[in-house]
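Quantities reported herein were computed from a predicted structural model and do not represent experimental measurements. Throughout, protein chains are lettered first and strands after them, A, B, ... in sequence-line order, and every chain is numbered starting at 1. Just so it is clear, the values below take in all heavy atoms, side chains as well, and ignore hydrogens, waters and symmetry mates.
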Amino acid sequence: MNVFDEIALALTSAFAALQQEGRLDGALTPDRFSVEPPRDASHGDIATNIAMVYARDLAPGFTSPRQFATEIVTRLGQHPLVAKVDVAGPGFINIRLQHAALAGVLRAALQQKSRFGRPPAHHQPVNVEYVSANPTGPMHVGHGRGAVFGDALAALLEFAGARVTREFYINDAGAQVDVLARSAFLRYREARGETIGAIPEGLYPGDYLKAIGAQLARDHGDALAAMPEKQWLPLVRQAAIDAMMALIRDDLAALNIRHDVFFSEASLTRNASAADQVRAAIDALQARGLIYQGTLPPPKGALPDDWEDREQTLFRSTQFGDDVDRALMKSDGSYTYFASDIAYHADKLKRGFSTMIDIWGADHGGYVKRMKAAVAALSDGKGELDIKLCQLVKLMRDGEPVKMSKRSGEFVTLREVVDEVGVDAVRFMMLFRKNDAPLDFDLAKVIEKSRENPVFYVQYAFARTQSAFRQAAQVFPDLNVAPEALAASDLDLVNHPAELELLRIMAQFPRLIDQAARAHEPHRVAFYLHDLASALHSHWTAGKDMPHLRFVNEENRQLTQSRLALVAGVAEILRTGLALLGVGAPDEMR
RNA sequence: GGCCCCGUAGCUCAGUGGAUUAGAGCAGCCGCCUUCUAAGCGGCAGGUCGCAGGUUCGAGCCCUGCCGGGGUCGCCA
């Protein structure tokens with residue numbers, strides 16, 4: 001039950017009535033107005049700007065937004081959810097809901113439980129691609145942010161009714177996995193007793209490759225050492241990639257993240273049984289006249305050392321808003337990463353995903369335009385690709401930056417952070433910031449048990465709701481607190497201003513879900529939960545000063561049950577919201 | 001130099017279908033524990049929403065330019 005949608009519906013029919021009466025341009029569609037909680041609570045529960053938005057489209061002699069608003073108000077006054085309607089300011093319509101409307105929200109929350117807030121399912125297929133790290137080492141904290149963001153976004157979209165596929169693109173085709181293979185080979189020699197000394201510049205120095213070296217030594221004995229590189233490289237490469245992917249999956253599992261599809265970049269060309277999909281994608285663009293042989297102007301900044309003016313295979317991405325056309329073939333004749341990525345997205349389109357979301361690190365921002373251009377070209381403008389960039393994570397401890405050096409191979413891994421502070425803290429903090437804003441992650445702060453730590457603050461609110469039930473069980477051992485019984489209790493008794501405030505915030509949950517899902521912004525859920533938790537804490541403390549406000553009233557069994565209904569409703573939303581973020585809702589914090 | 005992101009209270013940040021008096025936390029000051037977890041709550045103070053124009057009846061939000069910070073800049077991924 002979304003009261004905002006209900007009111008919007010009523011406004012739409014008022015709008016249509018005015019059109020029928022010829023007082024409003026009949027060609028208009030009522031899709032530009034807003035129905036939202038007013039900034040100032042004294043303005044009521046819901047405000048709309050409909051009269052102001054359409055004021056200029058009124059029939060002659062009927063032109064003032066306020067006058068228009070008055071017309072709508074008379075029609076809205078009859079609506080069963082509406083208690084009071086006012087015209088304010090330049091033509092705002094402020095609506096106060098019937099108590100029964102708010103009670104209805106609570107009842108719906110109790111009845112629908114974990115489904116409360118869900119819009120009607122639309123079953124649109126959506127592909128969310130996230131993580132997509134090079135399989136060359138353990139995940140670091142920056143990867144973790146993209147991983148958590150993607151996972152929460154996928155859950156949010158699923159909740160909002162989409163059919164979501166969670167996808168991981170394995171970058172197992174470029175030069176970097178060859179470097180990985182050479183690094184692993186070195187560890188193999190080491191494992192067989194050779195002294196390898198310092199890891200040469202350009203190879204991965206991390207200790208995590210020692211295990212692979214040892215495994216290779218066990219599996220192949222001396223055989224690899226006797227081969228020329230050309231022969232051992234593919235063997236070692238595949239073994240190393242498999243081991244790295246196992247490592248990465250493990251890191252993800254530690255964060256409760258799972259993917260439906262792991263898509264190998266190499267499979268686009270190396271899969272012997274399939275045709276070369278990259279070639280096919282380029283051909284598809286060729287058929288649209290979007291491929292040509294040409295030269296590009298040199299880049300504006302510092303010229304690369306090995307720059308040479310060269311004719312190459314280019315995609316006309318500029319026809320779709322990119323700044324320059326983009327190369328698809330390297331000078332050695334192999335495909336560029338971009339070419340593979342075009343084929344990959346062509347594959348997603350072929351699998352029926354007209355809506356795609358890619359989660360990338362902010363350092364790939366320069367790549368966005370060309371990828372969108374490619375999808376527009378491949379789908380003839382029908383495919384929709386949204387690319388969310390996650391900014392850097394700066395690890396802190398008590399306000400001091402944690403030193404990290406990737407070059408030496410000694411960097412703080414995602415796994416280390418998860419092991420230190422726990423899944424809930426990592427996930428919540430990663431989501432308690434807009435994705436395109438940099439994030440300071442303080443290892444000390446996120447495990448603090450204080451209001452300064454939002455993870456704790458929200459979980460504590462949930463724990464308090466459960467505490468109220470434990471308390472109630474002491475006082476009224478036989479009180480029926482099943483959701484159905486609570487939904488059937490007398491909700492008119494939930495009428496104190498502080499209680500109504502909680503109901504109003506609850507009523508906003510369905511709208512919040514809708515907007516967060518549309519905007520692809522799971523952080524809104526985290527902030528909403530913080531607000532709801534705040535209202536709960538506030539009301540809870542009020543019960544300390546004014547015992548008659550407590551949820552559990554020893555002298556009034558019926559009142560207690562009604563108030564427990566409120567508590568249960570809040571708890572239900574907290575639980576649902578936390579679940580969307582992948583964060584636990586503990587019954588107690590002790 | 002081009003492109004992208006960011007610039008809101010002393011600090012860290014919310015605020016996208018433009019709108020009625022711009023919000024929260026921290027830090028500062030003043031308060032609240034014999035009773036549902038004070039691991040919490042209330043109050044005070046604090047802002048030319050980077051600057052300048054523009055569109056609009058109305059701009060933190062849209063457009064242009066500038067300033068400041070970050071990212072990125074044929075074949076890396």
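- Taking only side-chain nitrogens and oxygens, Lys544(A) comes nearer than 4.0 Å to OP1 or OP2 of C36(B).
- Under the 6.0 Å cut-off for aromatic ring centres, Phe469(A) and Phe551(A) do not qualify, their centroids lying 6.0 Å or more apart.
- Listed by chain and number, the residues in a side chain to side chain contact (heavy atoms under 4.5 Å, CB included) with Lys84(A) are Asp86(A), Arg96(A) (sequence neighbours excluded).
- Residue Lys330(A) places at least one side-chain N or O under 4.0 Å from the OP1 or OP2 atom of A77(B).
- Among the heavy atoms of the strands lying under 4.0 Å from Asp31(A) is at least one base atom, whether or not backbone atoms are also near.
- If you measure from atom CD of Glu555(A) to atom C1' of U35(B), you get 13 Å, rounded to the nearest angstrom.
- In terms of the side chain to side chain contact (heavy atoms under 4.5 Å, CB included) criterion, residue partners of Arg66(A) (sequence neighbours excluded) are, by chain and number, Ser64(A), Val87(A).
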In sequence, state the C-alpha distance, the side-chain angles, and the governing distance for Phe68(A) and Tyr54(A), and then conclude on ring-ring contact (aromatic ring centres under 6.0 Å, His included). CA-CA 9 Å; Phe68(A) 183 18; Tyr54(A) 294 102; 7.3 Å; no
Counting primed atoms plus P, OP1 and OP2 as sugar-phosphate and everything else as base, spell out the protein contacts along nucleotides 56-66 of chain B at 4.0 Å heavy-atom distance: B, S or - for each nucleotide, 5' to 3'. -B--B------
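- With sequence neighbours excluded, the residues forming a side chain to side chain contact (heavy atoms under 4.5 Å, CB included) with Leu385(A) are His345(A), Met356(A), Asp358(A), Met371(A), Lys372(A), Val375(A), Ile387(A), listed by chain and number.
- Close to C36(B), at under 4.0 Å from its OP1 or OP2, lies no side-chain N or O of His537(A).
- Side chain His364(A) to base A77(B): a donor-acceptor pair is found below 3.5 Å.
- Between Ser538(A) and G42(B) there is a side-chain N or O to OP1 or OP2 distance below 4.0 Å.
- Between Phe15(A) and Phe33(A), the distance from one ring center to the other does not fall under 6.0 angstrom.
- Stem analysis of RNA chain B (Watson-Crick or G-U pairs, both distances under 3.5 Å, runs of at least three) returns B:1-7 with B:67-73, B:10-13 with B:23-26, B:28-32 with B:40-44, B:50-54 with B:62-66.
- Partners of Phe527(A) by side chain to side chain contact (heavy atoms under 4.5 Å, CB included), not counting sequence neighbours, listed by chain and number: Phe432(A), His523(A).
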